[in-house]
Amino acid sequence: MNRRNFVNKSVLGAGAVAMVPGFLSASTPQKESLRPPVAKRLFVSKAVEEEILRIKKDITDPEISWLFENCYPNTLDTTVHFSEQNGVPDSFIITGDIDAMWMRDSTAQVWPYLHLAGKDEQLKKLFVGLINRQTKCILIDPYANAFNFGPTGSEWKTDLTEMKPDLHERKWEIDSLCYPVRLSYHYWKLTGDKTPYNAQWLKAAKTIVKTFEEQQRITGKGPYHFMRVTSKQTDTVIGDGFGNPVKPNGLICSTFRPSDDATTFLYLIPSNFFALTSLRQMAELVGHIFNEPAFAAQCNKLADTVEKSLKQYAAASHLNYGEVFAFEIDGFGNRLYMDDSNIPSLLAIPYLGGVKPDDKVYLNTRKFVLSKDNPWFFEGKAASGIGGPHCGAEMIWPMSIIMRAITSDDDKEITQCLRWLKNTHAGTGFMHESFQQDNADKFTRSWFAWANTLFGELIYKIHKERKHLLSQVL
């Protein structure tokens, strides 16, 4: 995904709002909602509208309240394409300013609404539709990260991999198969609805496990390879498209990171933690819904292997922080110490269920990734936060600031994160992909729905657990 479409507010003009379909004009007063008019919203949920009103009344800071109202429903307002054919729901959810659906983003974009599914039948249908669509995508190609609405082809059709007309991009990322499991599992746990779990879903689930096993690379490199003709090093893969060599150790190879950048060492630790959680969830779901004890056992066996390998290889002693998790390893003893802003990340391991928030190694790791010893952590006049190679040096991702707050139990830290988010949206009323550490008016992606709804998720979490933090003006 090429997200580095820089927007400079100084070029747009003072107070300008980077235009997104349906948004009000740049002259809109700051505190007036920037949501599309009701008639132009792509999907409307009564439960979400009530949730916005419920939470807003407890937010004292007018700008945080305004940001919440703009951001929380942004996925529904602008990215959901919902339909029903013969009573079967289908939800195709674009990422924002790129007209394609990422397996990761689509799950994350609707995640903050999941707790409301039991209160709104139409919202419930949206989740069933997305599970149906993700099932279809996995069966088209489990190695693809992003899909078109139909077989329309892609700007990346010349990539040196097995491209198909339905694919927007074919970068193998472990989390692309974990996020659909997360959605399926938690939808079932919260609603008890078994509607989407049919023979096709089970076939997709078995495809996920098969793909994970292939990418353990125990008996060979597996079928996936990828290269691209590009000037950007992290957009292609060395080693004839297979990546750097690995020494098989039970972990799963991920050729790309959640940022869509190529890994340096293929055993991406945050994503393996995510896979471990997903395999346990899949085993439980399958065990309750399908008469498939052998497959449930296969899921748990693979999870046992990944868990054992993580315990043995994921952590090592750091010069300054004690035992910490590496970002990537190769099985030969080489380790990459850094963190990226995308999720899964080292910072987000507890958020996705990989470890407990008070895990000692995680806490050491957290100190490391939020320090200058992490090469992709930046401190500037505008804010402090994690970026990554995707947008380059000095570019902080709001997503990392949001995740820092979500995974924190410190009121001061959470409040500081809210203050940074409030002060770095460049007057647009929305979160961005990244902004320059000293000048938030220079940012990438004016329409990035995942970051918007993740901000909404943060405010919901604070309201639920630390409402007192919303009763102050930052």
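All values derive from a computational prediction rather than experimental measurement.
Between M103 and I138 the shortest side-chain heavy-atom distance falls below 4.5 Å. Between P398 and F455 the shortest side-chain heavy-atom distance does not fall below 4.5 Å. Between I386 and S345 the shortest side-chain heavy-atom distance does not fall below 4.5 Å. When side chains are defined from C-beta on, S278 does not count as touching L177, because their heavy atoms never get closer than 4.5 Å. In this structure, the side chains of D409 and R466 come closer than 4.5 Å at one or more pairs of heavy atoms. Counting only heavy atoms from C-beta outward, the side chains of I349 and D359 never approach each other to under 4.5 Å.
If you run salt bridge (charged side-chain N to carboxylate O under 4.0 Å, His left out) between R228 and each of D260, D235, D261, only D235 comes through. Shown are F127, W111, Y113; of these, the ring pair (Phe, Tyr, Trp, His ring centres under 6.0 Å) with H186 is made only by W111.
Between W450 and Y179, the angle of the ring planes goes over 60°, which puts this pair in the perpendicular group of the 30/60° scheme. Using cut-offs of 30° and 60° on the angle between ring planes, the pair W188 and H288 is tilted. Using bins of under 30°, 30° to 60° and over 60° for the plane-to-plane angle, the ring pair F242/H225 lands in the tilted bin. The aromatic rings of W201 and Y197 sit perpendicular, their planes meeting at an angle over 60°, well past the 30° parallel limit.
Dense packing is recorded around CG of N320, with more than 12 heavy atoms of other residues, nucleotides or ligands lying under 6.0 Å away.
The distance between the ring centers of H318 and Y337 falls below 6.0 angstrom. Aromatic rings of Y143 and F226 (six-membered ring for Trp) have centroids beyond the 6.0 Å cut-off, not under it.
Atom CD1 of I55 is separated from atom CZ of F68 by 4.0 Å, given to the nearest 0.5 angstrom. With rounding to the nearest 0.5 angstrom, the CZ atom of F377 is 7.5 Å from the CD1 atom of I396.
Side-chain atoms of T444 come within 3.5 Å of backbone N or O of S434 as a donor-acceptor pair.
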